[in-house]
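Below, chain A is the first sequence line, B the second, and so on; all start at residue 1.
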Amino acid sequence: MSIQNLNTFDPFADAIKGSDDDVQDGLVHIRIQQRNGRKTLTTVQGLSSEYDLKKIVRACKKEFACNGTVIEHPEYGEVLQLQGDQRENICQWLTKSGLAKPDQLKVHGF
Amino acid sequence: MTEEDAMFDPKLTKKKKKKKTGFDLDAAIADSGNVGMDASENSKAEKENMEVDPAPIEDDEALDLESFGKKKKKKKKFNLEELEAALPETKKEENNDNQVEENEVDEIDLNLDFTKEKKKKKKKKDLEELIEDRKENENNENEEPSQWVGSDRDYTYDELLARVFNIMKEKNPDMVAGKKQKFVMRPPQVVRIGTKKTSFSNFTEICKTLHRQPKHLLDFLLAELGTSGSVDGNSQLIIKGRFQQKQIENVLRRYIKEYVTCHTCRSPDTILQKDTRLFFLQCETCGSRCSVASIKSGFQAVTGKRAAIRAKNA
Ligand SMILES: [Zn+2]
């Protein structure tokens with residue numbers, strides 16, 4: 001449901017992204033980091049600035065039942081940060097919602 | 001001369017000539033004695049070498065055949081006599097020597113067939129049996145793709161294909177068709193140190209087997225794992241965080257895929273060169289050269305104690 005809401009919010013997202021590909025490398029880096037103990041953190045870097053990251057994180061939090069936030073980074077722009085290992089979830093969700101193509105996703109980590 | 005002969009490369013001309021003389025001889029022997037005389041002079045030494053000694057007239061003819069344009073055949077004949085058992089191997093060896101001119105060999109074989117039949121009639125020795133054995137061998141070989149060689153018909157695609165594969169197999173005995181060389185590597189030895197660190201004890205050894213700078217692999221590992229670490233005095237890698245061998249293996253596999261094996265032919269025989277800030281992977285097997293992704297750790301979330309960081313920065 002939230003996915004459809006997103007799509008209706010910006011029907012030109014894909015078109016904008018297509019033209020945006022020329023500017024940025026188009027790759028979305030999905031990484032995992034260890035915290036203390038068994039806790040982990042997933043970061044999503046490289047989503048187009050045309051997207052409303054705040055809305056995306058809100059949808060993800062609900063969908064994956066985890067906490068998350070958007071971090072503004074001077075070099076990497078807005079970065080999505082989610083608690084736990086959400087790498088598979090976020091990959092599926094990004095492709096399903098049409099925000100990124102599978103070959104644009106680069107998953108790092110172990 | 002058949003059309004095929006004309007189509008094959010000019011190197012053949014030498015052989016063609018020989019062949020021709022051979023044929024001419026066959027015809028000429030019947031009436032002219034001159035050629036025979038020359039030949040016998042040339043081949044006096046050979047005559048001595050020959051243990052088989054048939055009647056004089058026959059001998060002349062046999063020598064003609066041998067000395068003119070058929071050195072190879074003669075050699076083979078000695079092999080025949082001396083190394084009966086080892087014959088198939090020796091023949092193979094000869095073929096290997098002449099691989100490039102494989103068609104030549106085939107032509108010569110055909111010639112041999114002619115001469116042999118003559119000899120068979122003249123010399124009634126054990127040779128006959130040997131020759132017959134050999135002919136069988138030859139026939140077996142001729143049954144392979146080069147059947148059209150020496151005939152007037154066109155070759156088919158399948159025959160050419162079989163031929164090229166045979167040449168490839170002969171030239172690269174290691175390469176079994178369709179099977180790629182497997183890249184065998186010892187697994188990483190990963191042990192946990194305490195609760196927060198992991199030791200990768202054969203890190204340096206793996207760098208050596210991969211022929212990569214330890215720093216390069218280290219940068220990649222740490223960037224991928226999103227952590228920090230260093231090589232200690234025992235040349236083992238200490239990584240912050242808890243990692244299992246399987247996880248390190250996964251990262252290593254990705255490293256090998258991106259930075260070790262050739263992107264074109266997958267050969268692990270490659271060199272990683274740095275050229276104006278970019279890394280290039282140069283393949284020693286196929287010669288391809290392509291740029292590889294630079295190692296970036298990218299965004300790093302703050303995971304430590306914020307208070308400590310604040311204190312450090314302040
Ligand atoms: Zn290659």
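- Between the CD atom in Glu78(A) and the CZ atom in Phe299(B) there is a gap of 11.5 Å [rounded to 0.5 Å].
- Considering every non-hydrogen atom in both Gly109(A) and Val251(B), the closest pair reads O-CG2, 3.7 Å.
- For the atom pair Gln34(A) CD and Thr198(B) OG1, the distance stands at 7.0 Å (nearest 0.5 Å).
- When Gln33(A), Gln45(A), His73(A), Arg35(A) are compared by the number of non-hydrogen pairs under 4.5 Å with chain B, Gln33(A) comes out ahead.
- Residue contact with chain B, scored on non-hydrogen atoms closer than 4.5 Å, involves the backbone of Ile32(A) exclusively.
- When heavy atoms are compared at a cutoff of 4.5 Å, Val44(A) does not approach chain B at all.
- If you tally non-hydrogen atom pairs under 4.5 Å between each of Arg253(B), Gln300(B), Glu249(B), Lys246(B) and chain A, the highest count goes to Gln300(B).
- Annotation: Gln282(B), atom CD; neighbour count of heavy atoms from other residues, nucleotides and ligands within 6.0 Å is above 12.
- Within the 3.5 Å criterion, the main-chain N or O of Ala301(B) finds no donor-acceptor partner in the side chain of Arg31(A).
- Proximity of Gln244(B) to Phe110(A): side-chain heavy atoms (C-beta onward) are nowhere separated by under 4.5 Å.
- Around the NZ atom of Lys197(B), the shell of radius 6.0 Å holds no more than 12 heavy atoms that belong to other residues, nucleotides or ligands.
- Heavy atoms of other residues, nucleotides or ligands lying less than 6.0 angstrom from CD of Gln273(B) number more than 12.
- Most heavy-atom pairs under 4.5 Å with chain B: of the set Gln81(A), Arg38(A), Lys39(A), Glu75(A), this distinction falls to Gln81(A).
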